[in-house]
Every structure is written in structure tokens, then in C-alpha cells.
Engineer: 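The structure's right below; bear with me while I get my questions together.
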Amino acid sequence: MPTAPQRRLLVTSALPYANGHIHLGHLVEYLQTDIFVRFQRLRGHQAIYLCADDTHGTAIMLRARAEGRSEQELIAAMREAHLADFTDFQIAFDHYGSTDSPANRRLCGELWQALRERELVVTREVQQLYDPEAGVFLADRFVKGTCPKCGGGDQYGDACEQCGATYAPTELVDPVSTLSGARPEVRSAEHLFVTIEALHEFLAQWTQDSGAVDPRIANYLNGHFLSEPLRDWDISRPAPYFGFEIPDAPGQYWYVWFDAPVGYMAATEEWCQQQGGRLEDWWGRDDAGNPRAEIHHFIGKDIVYFHTLFWPAMLEAAGLALPTKVRVHGFLTVNGQKMSKSRGTFILARTYLEHLDPGMLRYYYAAKISGGIDDLDLNLEEFTAKVNADIVGKVANLASRTARWLTASGLSAVYPDDGGLFAKAAADGEAIAAAYEAGDFARAMRLVMQAADRANAYIDAEQPWKLAKAGPEAAGRLQDVASVAVNLFRQLAVYLAPVLPRLAEQAGTLVGGPIRHWAEATRPLAGIPVAGFQPLARRVEQAQIEALVAASRSAVEASPPAGSPVTHTSGASTMDETPAAFSSADPAAPLEAEPLAEECTIDDFGKVDLRVARIVAAEEVPEARKLLKLTVSLGGDVTRTVFAGIKGFHDPAALVGRLVVVVANLAPRKMKFGLSEGMVVAASGAGAEGVFLLSPDTGALPGMRLR
RNA sequence: GGGCCCGUAGCUCAGUGGUUAGAGCAGGGGACUCAUAAUCCCUUGGUCGUGUGUUCGAAUCACACCGGGCCUACCA
């Protein structure tokens, strides 16, 4: 067999954000990257798989504050959780770093220096709304006000959802900071920009012609960005910001999207320190200007822009190697819909592991991933049927139904005539490998399953169970048939090893020792012992799926979403912090004064029927010290009388017409001044005078239930 | 509004110019009993979204339309 020259591949997955746990959407990316890397190694190439936690940015800062601990404590805990999830899914990183590392800080500095030397950095004043109470500049999404075009209320700072108009936040009428409620003022702030337009020609050429970018993606970039001058990239954020301070711009921090991709390099450097070699061997260019290694980035479609424009621009400016391939995938849907907490389809990696075998998901994803950017649907019914039929019924069954006849005798001394079955599957090996290489794992799995079908048909035709009963004169024939079956099984295990490393191990234990190379699928084994058969995989039962969905509902309810302003609901990859998000320094006092209540279940919560209601009448109760008498409408002609303890904080006349939230199924209570038929929900607590009524967003109608 | 992708058997999809369009699952019938209600054989089922065109020949190419999805809407 001709030996292909050994390739050197550096492979990455996007860095998961340290703001949340790994879920099945993330795993679409990490599993396919892991499969790709394992495949390359099995083919005899050197492939290193690098990743890291993405730790910087506003969301981390806010969450750490909300949880009353330092950013470092938060990201250390999240890193541990991430690594445990990845490890248990058999995702084998060669190194897993952190963007909050000395190596990353140093490398950011070097890239920054390169940008400076090529005079690609400019400073500009930016007019922005500033929250004087919270002491921060406000990103568009942290400002609300009245649309300057149509007069619609309660609109964000960048666009009106009612009339579709877009505008600058400074144009908003009656703007309000969503952080503090204060009225923002217009201030100037100094920001640093990278003038990537200077690299326009390079980027146009690279995205269109290098082969690194899928033509469809290249076309998208061409239409959206490269058809006109590239805008300067706002690369800095003023304090307060959790990140690296820019060395030559005190008080300014690198925006998280600057230091995140550099994390790929930092992880490489740390790996080199442990394993040997130099960073330049992976990220450098040789004397002819060609990369010294292949670089493959696996990313979700949401972060194409950063990996195909900014990141190559940075690398080019620094004279570093450019990505060989940016492999873009879609998001995960479950049962055809976006993952949903209420449906129990927002499934955390950990929750899955508590109910099911990680190999089953690895196989299912592999069978569905065809290298395109379309979303991948996890249909739970199909999942059950497919993994049971393919892995258990076809592949594992091959060994399960024949291996025991070889425990005493071992494999036949010479590989028997199998009608060309082994040779056929061996010949398919290159087509399977080509499919893996192209990222079309679905095609690879189809080819493997065809081979499994042929193998099972062979066993049925040979009827070894009859030979087993036929007595000693049939023993040789039985050994031959079983030897063929076990060899065909091991051959499939080789092809499936990138997807199912555990199955490959078990196959090696059963016969022939560890599977180390793809070429083992071309040589049948003979004359060696066969170990006692151990079950390889358990069927997925409907009850397990139901338990997983039920647990996902409660797991989400139990985890405190408060203080985690960024949630990656459907994205398979992260690294996407809300651009230009700023925070206020929220005090800890309210939470400290009243710690969280005991955990409750979704069922507990479901007993409380919260409804939107409109206040149709409000009047003073002269004798009462704290109470106002409210009449609220739940829609139609359903009204309730509610006594609310908000006297002194709210003017009754101003309340009329306002939407509030009421507990609609609270048992009526006789009070001194009458019967109260519900309760208006309001916030109050330490650190603030007052009682704050809750209001729904525009569009809510009386009678709508809160969940 | 613009861009891109998709629409093939009940479901998931393969097939991208050439003989009567395929697979898996599901359905029906049978076989087998070694195996985790596993396996094997046979079988039902499709005017390949619609229309027009190019061609000796179209699921496959072009155009239009219908339906679904993703991205984008002067933001990165």
C-alpha cells in the first residue's frame, strides 16, 4: 500500500464562552472536530486539536458580579465543568487553554504590535450615550426610548421593531438606560480602530481563491462586505471591562473578539511547551511564504465574519500562516425546532450523559453531518431508531452473534474465502476516507452501514448456528464463518473508530489488539486468539429519552439564569459576546439582604398563575397607611379587586391604564377594607426605597400568562 | 426588499444530463432463532414542488412561479 506523505494539521473548534455550560448544540461542533482529528490521526497524520475557554467580556463581568465572586473564580469553575463535559463525550483535546492566560496576553501584544507597525490602528472619538448613574457607556441594546420616526414607545437604541426604522441611539426620543433607568447623556469616548480596508484586496483574493472558504460563504462575504470599502473595526472597550488592557492605550481594553482567536495560538504555544516544538512550526510561514502546517478552524455559521475577515487580516498583518480551511456548520434544532427550555429540548451535555451513552450521540451526529452549513436536526425518535438499528442491530450484533464460537479456538489459521466481502469493504476504505476528509461524515456512515448489511447477510446465509449444532465435523467450517464475521466487525470498527473510539477499543480487546491505523481495515486477521465477548453497546430505550427530556426541563429551572445576560440558546458555537456591551456596577445588597429561596420545581411554579392585567381603576383608601385599592382587568369583562401595598410610591391617577402582573389564582383574602382577589407583583428590597411594579414589554395583552 | 440554500416513497435522505429513479427507517408478507423484541429474504409505496424552455435524452441544465429554511436590511 502506498504511504501518503504525513500531513501536519492544527485543528480548532470555536472557543466556548465561559458564561454557560456546554449543551447539545455546542457538541455539534466539538464532536465533528474531534471525529475529524481522530480520523486524521488514524490515517497516520499528525493532527493536534486545540481549544480554550473564551473568558473575557462584559457578560462574564456581569455574571461574576451577580454571583458575588471574581471573574477568575467564575471562569475557573466553568473551565472545570467544560472539561468534564468534553472528556466524558470522548472529545480529546491535545490542549485546552484559556484566553485569560499569560501566553494569550503576550501573543495579543505581538499581533497588536504588528498592526501598529503596519499603521493599521487609528484612534477616533465616538459619540455615545453615557449612563451617568451607572458610570458606563451604553451599547445600543442597553438604551430604550421612543422611535424618532414613528413614535412607537419602548424601542431599542438601534432599530424600531414597530416601523422598521434604523437610527443612532442618540436620535431616540426620551432615551432611558436599561441598566439604571437614568436618562443617558451624549458623551465622547475614545476608541481604537483597525483599518482593515487597507487589507481589502488581500481579503478579497483570499476569501475567493484560496480554497479556505466555501464558495457559498465567499459569495456571502463578497455581497455583504467586500463589495464596498470595509469599515474600521472597533477593537477597544473602555473600562470597566474584563479583559486585557491595551499596553499602549491605558484605560482601554481589547474587545473580546480581538483576543479570542488569538487564543488558538496561545493554546498552541502552551501545547508546544508541554510537547515540544515551536509556535512557528504551526503558525509560521516558510521561506517561500507558505504555511508550515495546515490550519483547520471548525466554526458555527454565526461567527463566519470574524474567522474569514478579521482573523485572516490579523494573521496577514503579522505575517503568520493563514487558515487552510474554515469549516462552517449550522445550528442544532431538536425535533425540528429551536432548542426549548420549556419543551425540555434545551439539553445540557451533562444531562445527556446522566441518561445516555455519549457514543450514541457521536454516531447520530456523524450520520447527519454532511459538511454543509444547514442546521442539523436532532429528532429524538429518529435518534432512538437509528442508533439502535445501526450500532446495536448491525455493527455490534456482528460480534455479538458470532464471537463466542471463537473464544476457545481463536481465528482460523488462514483467513477463509468470504466471497470477497472483506476485500470489498477494504476497497471502500478510500471512499470512506474521502468522505471523512471532506467533512461528509453522513456519506462515510452510509458506506460503513452498507458493509455491515453485507456482513449480516453473509452470516444469515452461512447459518453458523446450525454448524454449531452439527458436531465436530463442522467445527472447522464454523470457525471459518465466525472468523469472517469477527474480521468484518473489526474492519467496521476501524472505519468507525473516529466516531466511536470506545467501540474501537472494545473491538481491539475482543481481537487483534488496539486499532492504530486505518490500514488495518485492509488486512484480515488470522490465527490469533479471540477474547470472551463483552456487550458493546446498549439499546436506547424510549423511557431514557423521556427521562432525559424531563430532566432537561427541571435542570434548566434549577439553574439560576439571573445575572447571565448572554444565553446561547441555539448557537452551536459561541465566542460571540454581545458587541459593545457595557455594564453598570450592580450592587450586591439586594441579593445579600434576601438570599434565594429554596429550590422549587417547575410543577411548584406552575401552581402560581401569573397574568398580565390592566389597571382600570385606582383609588386611595383614606384610612389605610399603605394600601391602594385597584381594579384590574384580565381581559374581556373579567376584573378583580386588589388591595396593593404601594401607597405613597405611586400616584393612583397615573396607574390607570398601566399593564402590570398579577397573581391571578391567589386565594381571596378578607382585608380590613374589603376582599382582595389577587396580588400585584412588585419588586422591593434592601438598598432601595420604594416598591417597583413590573411591566410587560409592549404588545402584551391582559390575560396573557407568565411562564 | 436583497442574498443564499432546500423542495425526490409516510419519515430521513442518496442520486447533479444517459438504460425501467435508489437506500435506511416505518408499513405488509415470509424465513431464521446465533444475537441486546437483534438478523435475513420478498413486498407495498414516487407524474423527482409547478410550469416553460435547452437537448437525441432532464430529478439532474436555464428561466419563471409556488412552498419551506437561513442570512441580511446600510450593524459588526
Side-chain angles (χ1 to χ4, degrees), chain A residues 139-141 156-159 164-169 193-194 196 214-225 227-235 255 257 300-306 309-310 328 330-331 333 336-338 364 367-368 370 372-379 381-406 435 440 442-443 445-447 449-450 452-469 478 481-482 485 489 533-541 570 576-580:
Chain A
D140 294 353
R141 59 166 13 211
Y156 283 110
D158 51 353
T166 57
Y167 39 78
F193 291 81
V194 176
I196 55 168
D214 180 283
R216 282 172 299 189
I217 302 286
N219 179 48
Y220 155 77
L221 294 171
N222 213 18
H224 280 279
F225 303 105
S227 57
E228 53 190 80
L230 293 162
R231 285 181 198 80
D232 296 344
W233 184 27
D234 187 350
I235 197 62
Y255 175 44
W257 261 110
K301 62 184 178 183
D302 54 333
I303 57 176
V304 161
Y305 176 81
F306 295 95
L309 294 179
F310 286 144
V328 184
F331 295 150
T333 56
Q337 296 178 288
K338 284 191 173 178
Y364 183 79
K368 302 278 279 190
S370 55
I373 55 175
D374 295 331
D375 289 351
L376 186 159
D377 186 48
L378 166 58
N379 181 292
E381 218 168 289
E382 186 197 21
F383 170 82
T384 308
K386 191 160 193 66
V387 299
N388 284 343
D390 290 357
I391 300 185
V392 180
K394 290 178 182 175
V395 177
N397 195 29
L398 278 176
S400 170
R401 64 193 300 200
T402 58
R404 64 196 190 86
W405 290 311
L406 297 173
D440 191 351
R443 181 179 185 83
M445 294 307 103
R446 279 198 303 274
L447 290 167
M449 288 311 142
Q450 281 169 17
D453 285 341
R454 294 193 298 266
N456 275 306
Y458 167 86
I459 295 172
D460 265 72
E462 298 298 331
Q463 300 181 311
W465 53 92
K466 286 192 175 162
L467 298 171
K469 287 171 186 160
L478 174 64
V481 171
F489 165 70
F533 178 77
Q534 302 292 324
L536 300 165
R538 259 210 308 271
R539 291 173 56 79
V540 174
E541 302 297 340
S570 63
D576 57 339
E577 196 223 4
T578 305

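No hydrogens, no waters, no symmetry mates; every other heavy atom, side chains included, goes into these values.
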Engineer: Quick one: list whatever passes side-chain hydrogen bond (donor to acceptor under 3.5 Å, both in side chains) with R401(A), sequence neighbours left out.
Structural biologist: N456(A), D460(A)
Engineer: Base, sugar-phosphate or nothing for F310(A)? Non-hydrogen atoms, less than 4.0 Å.
Structural biologist: sugar-phosphate
Engineer: Do the ring planes of W257(A) and F306(A) sit parallel (below 30°), tilted (30 to 60°) or perpendicular (above 60°)?
Structural biologist: parallel
Engineer: Report yes or no: does D377(A) contribute a side-chain atom to a donor-acceptor pair with the main-chain N or O of G336(A) at less than 3.5 Å?
Structural biologist: yes
Engineer: To the side chain of A385(A), which of C25(B), U33(B), C34(B) is closest?
Structural biologist: C25(B)
Engineer: If the C1' atom of G27(B) is compared with that of G45(B), how far apart are they to the nearest Å?
Structural biologist: 9 Å
Engineer: Using the C1' atom as the reference point in each nucleotide, state the distance between G46(B) and C13(B) in Å, no decimals.
Structural biologist: 14 Å
Engineer: Specify the separation, in whole Å, of atom CG of L406(A) and atom P of C34(B).
Structural biologist: 17 Å
Engineer: Rounding to an integer number of angstrom, what distance separates G3(B) and C74(B) when you compare their C1' atoms?
Structural biologist: 14 Å
Engineer: What's touching nucleotides 10-14 of chain B from the protein side, N or O pairs under 3.5 Å?
Structural biologist:
residue	atom	partner	partner atom	Å
U12(B)	O2'	E382(A)	OE2	3.3

Engineer: Please round to the nearest 0.5 Å and tell me the distance separating atom CZ of F489(A) and atom CG of N397(A).
Structural biologist: 10.5 Å
Engineer: Expressed in angstrom and rounded to an integer, what is the separation of D377(A) atom CG from C25(B) atom C1'?
Structural biologist: 15 Å
Engineer: Take atom CH2 of W405(A) and atom P of A35(B), then tell me their distance rounded to the nearest Å.
Structural biologist: 7 Å
Engineer: For U43(B) and A9(B), measure between their C1' atoms and round to the nearest Å.
Structural biologist: 14 Å
Engineer: Could you check whether any side-chain N or O of D375(A) sits under 3.5 Å from a backbone N or O of G330(A), counting only pairs where one atom can act as donor and the other as acceptor?
Structural biologist: no
Engineer: So which of F193(A), Y305(A), F225(A), F310(A) actually passes ring-ring contact (aromatic ring centres under 6.0 Å, His included) with W233(A)?
Structural biologist: F310(A)
Engineer: Just do the side chain to side chain contact (heavy atoms under 4.5 Å, CB included) check on T402(A) and V481(A) with the steps written out, would you?
Structural biologist: CA-CA 8 Å; T402(A) 58; V481(A) 171; 5.9 Å; no
Engineer: Suppose you measure atom C1' in U8(B) against the same atom in A23(B); what distance do you get, rounded to whole Å?
Structural biologist: 13 Å
Engineer: Rounded to the nearest angstrom, tell me the gap between atom CG in D390(A) and atom P in C25(B).
Structural biologist: 8 Å
Engineer: To the nearest angstrom, how far is K466(A) atom NZ from U33(B) atom C1'?
Structural biologist: 10 Å
Engineer: With a 4.0 Å cut-off on heavy atoms, is A482(A) in touch with a base, just the backbone sugar-phosphate, or nothing at all?
Structural biologist: nothing
Engineer: Check the pair W405(A), F533(A) against side chain to side chain contact (heavy atoms under 4.5 Å, CB included), reporting the backbone distance first and the verdict last.
Structural biologist: CA-CA 10 Å; W405(A) 290 311; F533(A) 178 77; over 6 Å; no
Engineer: Starting at the 5' end of nucleotides 2-8 of chain B, put B wherever the base has a protein heavy atom under 4.0 Å, S where only the sugar-phosphate does, and a dash everywhere else.
Structural biologist: B-SS---
Engineer: In this structure, are over 12 heavy atoms from other groups packed under 6.0 Å from Q463(A) atom CD?
Structural biologist: yes
Engineer: Counting only heavy atoms not in R538(A) (residues, nucleotides, ligands), do more than 12 fall under 6.0 Å from its CZ?
Structural biologist: no
Engineer: How many angstroms lie between CG in L406(A) and CG in L478(A), if you round to the nearest 0.5 Å?
Structural biologist: 7.5 Å
Engineer: I'd like the P distance from C25(B) over to C41(B), given in whole Å.
Structural biologist: 10 Å
Engineer: Is the aromatic ring centre of Y305(A) closer than 5.5 Å to the centre of the six-membered base ring of A76(B), with the two planes inclined by less than 30°?
Structural biologist: yes
Engineer: What residues form a side-chain hydrogen bond (donor to acceptor under 3.5 Å, both in side chains) with D214(A), not counting sequence neighbours?
Structural biologist: R216(A)
Engineer: N/O contacts under 3.5 Å, protein versus nucleotides 37-42 of chain B?
Structural biologist:
residue	atom	partner	partner atom	Å
A38(B)	OP1	R539(A)	NH1	3.4
A38(B)	OP1	R539(A)	NH2	2.9
A38(B)	O2'	G393(A)	O	3.4
A38(B)	O2'	N397(A)	ND2	3.1
U39(B)	O2'	R401(A)	NH1	3.1
U39(B)	O2'	D460(A)	OD1	2.5
U39(B)	O2	D460(A)	OD2	3.3
C40(B)	O4'	D460(A)	OD1	3.4
C40(B)	O4'	D460(A)	OD2	3.1

Engineer: Whenever both distances are under 3.5 Å in a Watson-Crick or G-U wobble pair, mark it; put RNA chain B into dot-bracket that way, with [ ] for crossing pairs and | when the partner is on another strand.
Structural biologist: ((((((((.[[[[.)..(...]]]].(((((.......))))).....[[[[[..)....]]]]])))))))....
Engineer: What is the distance, to the nearest angstrom, from the OH atom on Y364(A) to the C1' atom on C25(B)?
Structural biologist: 12 Å
Engineer: Between OH of Y458(A) and CD of E462(A), what distance do you get to the nearest 0.5 Å?
Structural biologist: 4.5 Å
Engineer: Could you tell me how far C11(B) sits from U16(B) if I compare only their P atoms? Round to whole Å.
Structural biologist: 23 Å
Engineer: Would K386(A) and M445(A) count as a side chain to side chain contact (heavy atoms under 4.5 Å, CB included) here? Give the steps.
Structural biologist: CA-CA 12 Å; K386(A) 191 160 193 66; M445(A) 294 307 103; over 6 Å; no
Engineer: Write down the distance separating the P atoms in G1(B) and A21(B), rounded off to the nearest Å.
Structural biologist: 39 Å
Engineer: Relative to the ring of F383(A), is the ring of Y364(A) parallel (under 30°), tilted (30 to 60°) or perpendicular (over 60°)?
Structural biologist: perpendicular
Engineer: Which residue, E228(A) or A537(A), contacts RNA chain B at a nucleotide closer to its 5' end, judged by nearest heavy atom?
Structural biologist: A537(A)
